[in-house]
Amino acid sequence: MNIRCFQRNFSAALPPLVPLQLPSPMETHLWYVLPDEVKSWGLLNQYSELLSPCEREGVNRMRGDQLKKRALLARALVRTTIARYQTNSQMNPRSLKFRKNLYGKPEVEWRDEDNFSPLPLQFNLSHTSTMIACGVTVNVPIGIDIEEKQRRTKNNLIAFAQRYFSAYEVKVLTTISDPEVQRQEFIKLWTLKEAYVKALGKGFSAVPFKTFTIRFRETTLRNFHPPGSSVSEASDIIVESFDDPTNPTNNWQFTLLEVAGSHYGAICIKKDRTAGANELMKLTVWKTVPFVEDVCVSGTDAVVDLGRIIEQ
Amino acid sequence: MASSTGLSLKFSPLSTSFKQNKVLLRGICNVNSVSLPSRGMRLGSLRLRVSCAAKPETVDKVCSIVRKQLALPKDSPVTGESKFSALGADSLDTVEIVMGLEEEFGISVEEESAQHILTVQDAADLIEKLVEQKSA
């Protein structure tokens, strides 16, 4: 049997991706796939058809089938996610070109000769062994990071924090007496710091972890709903940078989530200039198996916002 | 090879010759991992654009720290050429590996240098450079 012919037939059988409206400013779309839900060799083969030869090489370089599958799903997720937003005509995920910016951050390369119109999309990818996630915004830089909730560091947690985190962050972690809570807060903090650096897109050496603090800041909300007004305490996640006054840090908004009950996820986006000072990031989350099933999981147990703690 | 699943990916280890081609294509930065023709000079005395290849003992120590961090089975091959990302190291693993190397060798690795560590050999070379600077 001729492999080429077989593959072409397979591609022709691909159902179209469900098209979607672009996110609005200050809105983020998050797509995630669970590798354990993708078992079909046929489907994996279809995904591999979407990749560029260079990406396929990259997948082949990974050691072992699990890592290969993860790398393959990551590329397939990025390509299919971006392709969804072309509502005028069907964008073939295979046609997308990617490049890296000056600092190595991946971005879409739109070219005039491709017969679809450029989209003002920005994206960022993160994966663990059990989840791959892709965040999408319009126009504003985005960084995301996910980690398994059960992740343990090999090194002593506090020693690690002392080496890499800011003094304030070490203090916050050290004062947590329950080791399990301390570990969870460490992982959350790690994802937030990673998401920030990835959003900045200038590489890790440009913003060493020690040079900024991420913390919760108490704010007060006045609630005007009847029967009367009440005051709620809430927490914002903010970043304070020590040595980059040219990059005002109130430009960045953070969301911290628990995803699918198994992961912590942090999203960091640059605030759109047109957005109001207190306008919150709106988030919609989908669980997907590209070409097979998309499920919007916002508002379900699969997405829990950990960032804004509102206490009456 | 025709197969009923029609897999277009080769889920098999790369052949050695392919690996060497890849290394050569990446240019001089990886010359340490390619054996140079002997011209009556000891390899150690060659001063190249990057520092000389690290001692095998250093490479071995790095391999063992990497194995431990990534919980790789003893028989899984880890060599100087092994790329951290290909072994499944994510950013937290890489940072932990760097921390482990700092403790093992008594050095301090700047983020600027750490960013360029892609393979075990890169780490070993950097370690020896930093150890040398420390004792100088």
Side-chain angles (χ1 to χ4, degrees), chain A residues 1-7 9-10 40-42 44-49 51 56-72 103-104 126-129 145-147 151 153-156 159-160 163-164 187 190-191 193-194 197-198 203-211, chain B residues 1-15 18-19 21-23 25 65-73 76-79 81-104 108-119:
Chain A
M1 177 188 280
N2 184 337
I3 285 282
R4 281 256 134 244
C5 179
F6 189 69
Q7 286 168 355
N9 287 342
F10 243 74
S40 148
W41 281 112
L44 288 171
N45 190 37
Q46 287 175 309
Y47 292 156
S48 79
E49 282 281 278
L51 271 51
R56 243 173 282 176
E57 265 176 37
V59 169
N60 274 330
R61 272 200 291 271
M62 301 302 285
R63 185 77 67 79
D65 284 353
Q66 284 312 308
L67 291 179
K68 286 184 167 75
K69 181 179 173 185
R70 195 203 304 188
L72 169 58
Y103 306 97
S126 178
H127 48 64
T128 68
S129 52
D145 189 57
I146 53 172
E147 292 295 342
R151 180 78 184 254
T153 52
K154 293 288 191 296
N155 292 287
N156 170 270
F160 182 98
R163 169 65 184 83
Y164 289 109
I187 299 291
W190 172 268
T191 60
K193 289 174 83 77
E194 276 276 293
V197 172
K198 290 174 80 181
F204 290 93
S205 60
V207 209
F209 272 25
K210 252 196 203 296
T211 64
Chain B
M1 178 177 78
S3 75
S4 56
T5 56
L7 274 174
S8 60
L9 281 182
K10 293 193 280 286
F11 277 57
S12 61
L14 295 170
S15 68
F18 180 60
K19 233 187 279 187
N21 285 340
K22 276 274 164 225
V23 168
L25 281 170
I65 287 169
V66 169
R67 258 186 222 290
K68 196 169 132 205
Q69 177 63 36
L70 303 180
L72 298 174
S76 120
V78 181
T79 65
E81 284 175 351
S82 301
K83 268 188 101 167
F84 291 141
S85 57
L87 295 172
D90 63 12
S91 50
L92 183 49
D93 288 315
T94 307
V95 168
E96 287 216 82
I97 288 169
V98 170
M99 188 171 162
L101 297 176
E102 288 181 328
E103 282 173 1
E104 174 72 28
S108 176
V109 180
E110 300 292 305
E111 264 85 345
E112 183 62 55
S113 326
Q115 202 169 245
H116 300 296
I117 297 177
L118 298 177
T119 64

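Not measured: the values here are computed from a predicted model.
The part of A:Glu147 that comes within reach of chain B is its side chain, from C-beta onward, which places non-hydrogen atoms under 4.5 angstrom from that chain. With a 4.5 angstrom heavy-atom cutoff, B:Gln115 touches chain A only via side-chain atoms. For a residue to count as touching a neighbouring chain, one of its non-hydrogen atoms must lie under 4.5 Å from one of that chain's; by this rule B:Glu110 does not touch chain A. For A:Ala71, no part sits under 4.5 Å from any heavy atom of chain B, backbone or side chain. Only the backbone of B:Ser85 comes within contact range of chain A, with heavy atoms under 4.5 Å apart.
Within the structure, salt bridge (charged side-chain N to carboxylate O under 4.0 Å, His left out) pairs that include any residue of residues 84-98 of chain B comprise A:Arg151-B:Asp90, A:Arg151-B:Asp93 (at least two apart or interchain).
Of the listed residues (A:Asn155, A:Leu67, A:Asp145), the one with the most heavy-atom contacts under 4.5 Å to chain B is A:Asn155. Of the listed residues B:Glu103, B:Glu102, B:Lys68, the one with more heavy-atom pairs under 4.5 angstrom with chain A than any other is B:Glu102.
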Show your working on side chain to side chain contact (heavy atoms under 4.5 Å, CB included) between A:Trp190 and B:Val95 and close with a plain yes or no. CA-CA 11 Å; A:Trp190 172 268; B:Val95 168; 3.9 Å; yes
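Closest heavy-atom contact between A:Arg70 and B:Gly88: NH1-O, 4.5 Å. A:Arg163 approaches B:Val109 most closely through the heavy-atom pair NH2-O, 3.1 Å.
Of the possible donor and acceptor atoms, one in the side chain of A:Arg63 sits under 3.5 Å from a partner among the backbone N and O of B:Pro77.
Not a single ring-ring contact (aromatic ring centres under 6.0 Å, His included) links B:Phe84 to another residue, sequence neighbours left out.
Counting only heavy atoms from C-beta outward, the side chains of B:Val98 and A:Tyr164 approach each other to under 4.5 Å.
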